[in-house]
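One structure is given here, and the rest of the page talks about it.
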Amino acid sequence: MRGLPPLKALRVFEACIRLGTFTAAARELNVGQPAISHQIQSLENDLGLTLFERNGGVTKPTAEALAYHARIASALTDIAMATRSLRERAKGPSLTLGTYPGLAMFWLMPKLANLRSSDSELSVRVVTAERDEHISLDSVDCAILFGDGRWNGMEARMLIPEVVVPVASPSVATKLAFLSREDIFAQGPLIHLDDPERRWFNWDDWKLRRAPKATRGANGIDVSNHGIAIHEALMGHGVALGWRGVIDDLVSNGLLIELDQEPLISERGYYLVAPEDFIKSRLAAELLTAFSARVSPTSTQ
């Protein structure tokens, strides 16, 4: 151990080699470039050789520096990972979960509140994105995603099947009361979800199955996610398609009114998606218990 160089200087050296420049290393380590140069000089003095060739404002690692980095990089990574593991253990149990903004707002957060009340030591972090490709399954413990239950290399457990009905605020529902499905579709105004891949049911699907003779009204609202669609409906701005299971509390509390009791149903839904070892864990069992409310479909497509 007495032969170790200054660890602070090693950290700076690793960043300089990995990032390619002193400037980039200074930015990552949040220090000034003179501090970087000072630590490299300290390491060079300790080792007794030059690690970087300096030509004006340009620095280039020597062959000795590259060879040295190749030998020590994995050891530094091991130290960082072991330290992170101990720090996380000291903080207590934690969960990082990824999902969509609307689902997090109207369904997930109340469920997690109940989970935390039963496990007060659990630290929960929720990350959201509107598209699946922006939710990295490598950087979360689990995710709640929409699909058919098949994710490569992952296990999936159904949470909410796709059972969809048109909903509106009480004031809008009163205006549309006793209207036919065709008139509801025409008068709306309808709140449309921007979904180029057509993954979720949309108003065209509802028209095809429930109001094939309807004509599209001129008015409407386009939004980027389901959370905004439900919010717009709550504000009385129009009629949205709502997912039973997600909007149940809003309906039971009278904040939203279902305008049609015959829902659209598919084999898709929202799933808990995670590696097999997580799905088999005690924490996953607690999550599935907290998320256990299920919708019993009452109609066919």
Problem set entry | salt bridge (charged side-chain N to carboxylate O under 4.0 Å, His left out) against Arg27, all qualifying residues, sequence neighbours excluded | none
Residue list, side chain to side chain donor-acceptor pair (under 3.5 Å) with [X], at least two apart or on another chain:
| X | answer |
| --- | --- |
| Asp222 | none |
| Thr21 | none |
| Asn202 | none |
| Asp204 | Arg216 |

In the structure I gave you, are the side-chain heavy atoms of [X] and [Y] within less than 4.5 Å of one another anywhere?
| X | Y | value |
| --- | --- | --- |
| Glu162 | Phe146 | yes |
| Leu29 | Ile36 | yes |
| Leu190 | Phe185 | yes |
| Pro101 | Glu130 | yes |
| Arg54 | Ile40 | yes |
| Leu137 | Pro275 | no |
| Lys60 | Asn55 | no |
| Val140 | Phe278 | no |

Main-chain N/O of [Y] paired to [X] side chain as donor or acceptor, under 3.5 Å:
| X | Y | value |
| --- | --- | --- |
| Asp248 | Arg244 | no |
| Ser42 | His38 | no |
| Thr99 | Ala104 | no |
| Arg209 | Leu264 | no |

Once rounded to the nearest 0.5 Å, what's the spacing between atom [atom1] of [X] and atom [atom2] of [Y]?
| X | Y | atom1 | atom2 | answer |
| --- | --- | --- | --- | --- |
| Leu241 | Leu193 | CG | CG | 9.0 Å |
| Ser171 | His237 | OG | NE2 | 9.0 Å |
| Leu145 | Ile135 | CG | CD1 | 5.0 Å |
| Gln41 | Asn45 | CD | CG | 4.5 Å |
| Asp195 | Ser224 | CG | OG | 11.5 Å |

Determine all donor-acceptor pairs shorter than 3.5 Å in which one atom belongs to a side chain in residues 4-18; sequence neighbours excluded.
residue	atom	partner	partner atom	Å
Glu14	OE1	Arg18	NE	3.4
Glu14	OE1	Arg18	NH2	3.2
Glu14	OE2	Arg18	NE	2.7
Arg18	NH1	Glu28	OE1	3.2
Arg18	NH2	Glu28	OE2	2.6

For this session: Output, in order, the C-alpha distance, side-chain angles, deciding distance and verdict of side chain to side chain contact (heavy atoms under 4.5 Å, CB included) for Val167 and Leu250.
Result: CA-CA 10 Å; Val167 294; Leu250 298 174; over 6 Å; no
Tell me the salt bridge (charged side-chain N to carboxylate O under 4.0 Å, His left out) pairs involving [range], sequence neighbours left out?
| range | result |
| --- | --- |
| residues 140-149 | Asp148-Arg150 |
| residues 97-110 | none |
| residues 95-109 | none |
| residues 165-193 | Arg181-Asp260, Arg181-Glu262 |

Problem set entry | Asp249 vs Leu255, side chain to side chain contact (heavy atoms under 4.5 Å, CB included): CA-CA, chis, key distance, verdict | CA-CA 9 Å; Asp249 288 344; Leu255 298 174; over 6 Å; no
Problem set entry | Hphob cluster co-occupancy, Val163 + Leu208, side-chain heavy atoms under 4.5 angstrom | no
Exercise. Applying the 4.5 Å side-chain criterion to the ILVMFWY set and letting contacts propagate, would Met235 and Leu256 be lumped into a single cluster?
Worked result: no
Exercise. Quick one: is the NZ or CZ of Arg268 closer than 6.0 Å to the six-membered ring centre of Phe201, and within 45° of its axis?
Worked result: yes
For this session: Apply ring pair (Phe, Tyr, Trp, His ring centres under 6.0 Å) to Phe52 and list each qualifying residue two or more places apart in sequence or on a separate chain.
Result: Phe22
Seminar exercise, completed: From the list Thr128, Asn225, Asp132, side chain to side chain donor-acceptor pair (under 3.5 Å) with Tyr100 holds only for Asp132
Atom pairs and distances, side-chain donor-acceptor, residues 64-73, under 3.5 Å, sequence neighbours left out:
residue	atom	partner	partner atom	Å
Glu64	OE1	Thr62	OG1	3.4

For this session: Any chance you could lay out the side chain to side chain contact (heavy atoms under 4.5 Å, CB included) test for Ile160 and Val246, step after step, and finish with the verdict?
Result: CA-CA 8 Å; Ile160 308 171; Val246 177; 3.8 Å; yes
Problem set entry | Heavy-atom neighbours of Asp78 CG exceed 12 at 6.0 Å | yes
Problem set entry | Crowding at NE2, His231 (>12 non-hydrogen neighbours, <6.0 Å) | no
For this session: Decide side chain to side chain contact (heavy atoms under 4.5 Å, CB included) for Leu103 and Trp243; before the verdict, give the C-alpha distance in whole Å, the side-chain angles of both, and the deciding distance to 0.1 Å.
Result: CA-CA 10 Å; Leu103 191 68; Trp243 269 245; over 6 Å; no
For this session: Check Trp107, Tyr270, Tyr271 against Phe291 for a ring pair (Phe, Tyr, Trp, His ring centres under 6.0 Å) and give me the one that passes.
Result: Trp107
